[in-house]
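To keep things clear, I will list the structure first and then write my remarks on it.
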Amino acid sequence: MNARNHHRTARVGTLIGGALFALVAGGLPALADPSAAPETPAAARSDGSGSLVMVLDSSGSMADDDGTGRTRMESARTAVGTVVDGLPDGFPTGLRVYGADRPQGCADTRLVRPVRPLDRAAMMQAVAAVRPRGDTPIGLSLRKAARDLPRPAGGSIGTRTILLVSDGEDNCGTPPPCEVAEQLGKEGVGLRIDTVGFQVKGAAREQLECIANAGNGRYCDAPDAEALARQLQRASRLSADGYRLRGERVAGAATAGGAPVLVPGQYLDTIGPGEKRYYAVGLDAVSTVDFAATAVPQPGAAVDTFDALSTRIEYDEHGSCGTHTARFLQKEGAVPLTSAVARIRSQEGTRTCDRAGRYRLVVERESKKGSDAARWPIELVYGVEAPPAKGVTLAQSQTEYGRGGKEAVLPAGDPREVRGGTGFNDAETIGEGVWRDRILPSQTLWYRVPAGWGQQVRYEVEFANEPTVDGGTATYSYGATQLYTPARHPLTGGGEFHPSAMYNGRPAAVAMGGVPVAWTNRYEDRTDVWPVHAGGGFYLSVTLGAQAAEIAENPQIGLVLRVSVLGEERAGPEHGAPAAEAPGGDGKHDSTASADSGGAGGAGWTGIAAAAGAAVMAALVAVFVYVRSRRGAAARTTRGSA
């Protein structure tokens, strides 16, 4: 195999083998339909797997004047009230205090409100009764707070957050707070420690920053009461709005020999820094295979620009049949990162990777020194697609953006309110039009835009003009977007678009789009073309950088999406296919593409149940399609977006 098919400049090449058919030899995992629109917005619901415990400094210094004539504790009570008002109904929330019970004592920490479904009145009564008195045993309080948080039930993975508010450093020394945070951060999946320093500086600030970095979280500075309320709102909402993972639990092997066998479906696993995870699949020689992995680190956790997630398809000792690497491409903090790889039968059918047999799906995580050391949840989607019927003349490939290019005129008018989802599984379905939402620093919001055969998605995201905390614009963050195919392949934009822009509180815009959907796009070797070969729900994500927390005065930042779905939808991939039924008139596309995008992960698969004798077997026929080069060479890798 020519080495240039694996490495082109700064990109990892993708060798695409032949079209494959999955050997579905047993019952499939139960798959929920992520395309079902939720009845309540993502920011106002809880899935039961997340929880929050606030740890409030009640040491003697919290009785000091905060500069406004109020004590720091009085301002903290007001800030906690804004947190309680903004959390979803029933979100598990608790309150722990330290230094509240005696003038001196390094064991003075108490859970005043257990982590239970949110009772706003009871929480406010609890914090109102706290009086600042004693010492600052932060290390011990963190250790106990981790025990206060319930473990997610039923094997689910959720965000468990410790939100520490302090106006000073630990004065007990044992156990050391940073060491406790590091230990807790490595012990399990989904734990984060956010810290807010209320009028701190010097050693106290450094300690709180260290705790947050070691605990997979973020530090925020609160020089006054308004900033305290703002930063507490942001941290608590990030906890409540964490990525809602979905899938059957599976444990990938550290070596190829012990790989568990997968059937088409959606799965959950975890991965640590520097690890590889192996999975085995049985394939025959006629259908397409797709494999996508989404890593979900804690939002804003420490990452390096070139920290990476890679996916690969291997055929025994013959090596890679395809590989793809996604990188963060920014240092402000972690966001969900997706890598996807496909394998398609070559026209000749003579390559090693065209054969039937046992294959391996591989996920690898690369991390630089100083990056987040926690294990990350990974959501895996594996699907297959049968080839078209013999004798079907397929429409030609669509390789140009055409009227969906950068000069496209997008919808105007008054925006409609929408609330983006937390990830692929609850992405909010929207159609053509203008939409308005709000986003937190470190947050990624998700939307789903159906597009069928012959159609293309084109959109822009505008980040609002916001008042800044100091009236200036010296600090910069970024706003970004990423477009994914129904099979979760991240698209590059082909140099036509710029999906990331600097943001300093003044208006900023990013744009993205895909080429029209055509079955034969799989035969193209351009990375912005070949994945766009099946209709269904295209996903778009919008991210605001973590440093925006130092810029904007409002807790959330406004954004506007202008979305177009261009072209007449066709009923199928064949040449001369008739127009599909017209979409519904409620702004949510109700076309064939929308109907066909259910199944595992919303990846464009159709599930079909078949009875066999007295037993019922689940068989999944996937509407997944993938690419290979016109010349039979490798397609190039797409890059992940920040």
Side-chain angles (χ1 to χ4, degrees), residues 50-51 53 55 138-139 142-143 145-147 149 151-152 157-164 170 175-195 206-220 235 238-239 242-243 245 251-254 268-278 293-311 325-339 362-380 442 444 545-547 640 642:
S51 57
V53 60
V55 179
I138 293 177
L142 291 175
R143 182 172 288 170
R147 298 171 187 164
L149 293 165
R151 294 281 180 177
I157 300 175
T159 300
R160 299 179 302 130
T161 301
I162 299 172
L163 177 51
L164 169 65
D170 182 292
C178 279
E179 292 182 15
V180 171
E182 183 176 13
Q183 180 183 18
L184 294 174
K186 292 179 179 179
E187 279 183 353
V189 177
L191 180 70
R192 68 180 284 133
I193 304 173
D194 288 323
T195 59
E206 291 176 4
Q207 186 179 78
L208 292 172
E209 288 177 333
C210 177
I211 291 169
N213 289 336
N216 315 319
R218 297 287 299 185
Y219 168 79
C220 290
L238 275 179
S239 174
Y243 189 111
L245 295 151
L268 290 179
D269 201 354
T270 65
I271 192 166
E275 281 189 1
K276 292 182 181 179
R277 307 292 272 176
Y278 288 86
T294 298
V296 188
Q298 289 301 316
V303 293
D304 183 83
T305 299
F306 297 106
D307 286 355
L309 186 75
S310 299
T311 48
T325 297
R327 303 186 188 277
F328 288 106
L329 303 182
Q330 49 81 22
K331 290 185 175 181
E332 284 191 30
V335 298
L337 190 63
T338 297
S339 174
V362 188
V363 182
E364 182 175 5
R365 174 182 166 189
E366 301 174 45
S367 297
K368 302 292 185 182
K369 183 178 180 180
S371 294
D372 183 22
R375 296 192 67 80
W376 292 348
I378 48 173
E379 191 171 77
L380 311 173
S442 298
T444 300
Q547 287 179 192

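Please read these numbers as outputs of a predicted model, since none were measured by experiment. For the numbers below, each heavy atom of this structure counts, side chains included, while hydrogens, waters and symmetry mates do not.
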### Query
Does R192 reach the main-chain N or O of P299 with its side chain, forming a donor-acceptor pair under 3.5 Å?
yes
### Query
Backbone N or O of G333 within a donor-acceptor pair of the Q330 side chain at under 3.5 Å?
yes
### Query
A254 and Y278: which non-hydrogen atoms are nearest, and at how many Å?
O-CE1, 3.5 Å
### Message
Using 0.5 Å steps for rounding, measure from the CD atom of E275 to the CD atom of E366.
### Response
13.5 Å
### Task
Heavy atoms only: give me the nearest P297-P336 pair and the separation to one decimal.
CD-CA, 4.4 Å
### Query
How many angstroms lie between CD1 in I162 and OG1 in T195, if you round to the nearest 0.5 Å?
11.5 Å
### Query
If you round to the nearest 0.5 Å, how far is CZ of R327 from CG of L337?
10.0 Å
### Task
Say whether, by atom type as modelled, one donor and one acceptor occur between the side chain of Q207 and the main chain of D170 under 3.5 angstrom.
yes
### Query
Distance only, no hydrogens: is a donor on one side chain within 3.5 Å (strictly under) of an acceptor on the other, for R365 and S367?
yes
#### Entry: Heavy-atom pair with the smallest gap, counting every atom of V363 and A293
CG2-CB, 4.0 Å
### Query
What's the spacing between D194 CG and N216 CG if we round to 0.5 Å?
10.0 Å
### Query
Just by distance, do the side chain of E182 and the backbone of A214 share a donor-acceptor pair under 3.5 Å?
no
### Query
Looking at side-chain heavy atoms only, is the closest gap between V335 and F328 below 4.5 Å?
yes
### Task
Measure the OG1-CD distance between T159 and Q298 for me, rounded to the nearest 0.5 Å.
4.5 Å
#### Entry: For A145 against V53, the heavy-atom pair lying closest together
O-CG1, 3.8 Å
### Task
Please lay out, stage by stage, how S239 and L163 fare under the test side-chain contact (heavy atoms from CB on, under 4.5 Å).
CA-CA 9 Å; S239 174; L163 177 51; over 6 Å; no
### Close side-chain approach of T294 to Y243, heavy-atom, < 4.5 Å
yes
### Task
Specify the closest pair of heavy atoms between G300 and S442, including all atoms of both residues, with the distance to one decimal.
CA-OG, 3.9 Å
### Query
Any side-chain heavy atom of D304 within less than 4.5 Å of one from K331?
yes
### Query
So how far is it from I378 CD1 to I271 CD1, rounded to the nearest 0.5 Å?
5.0 Å
### Query
Nearest heavy-atom pair of R151 and R160: which atoms, and what distance?
NH1-NH2, 3.2 Å
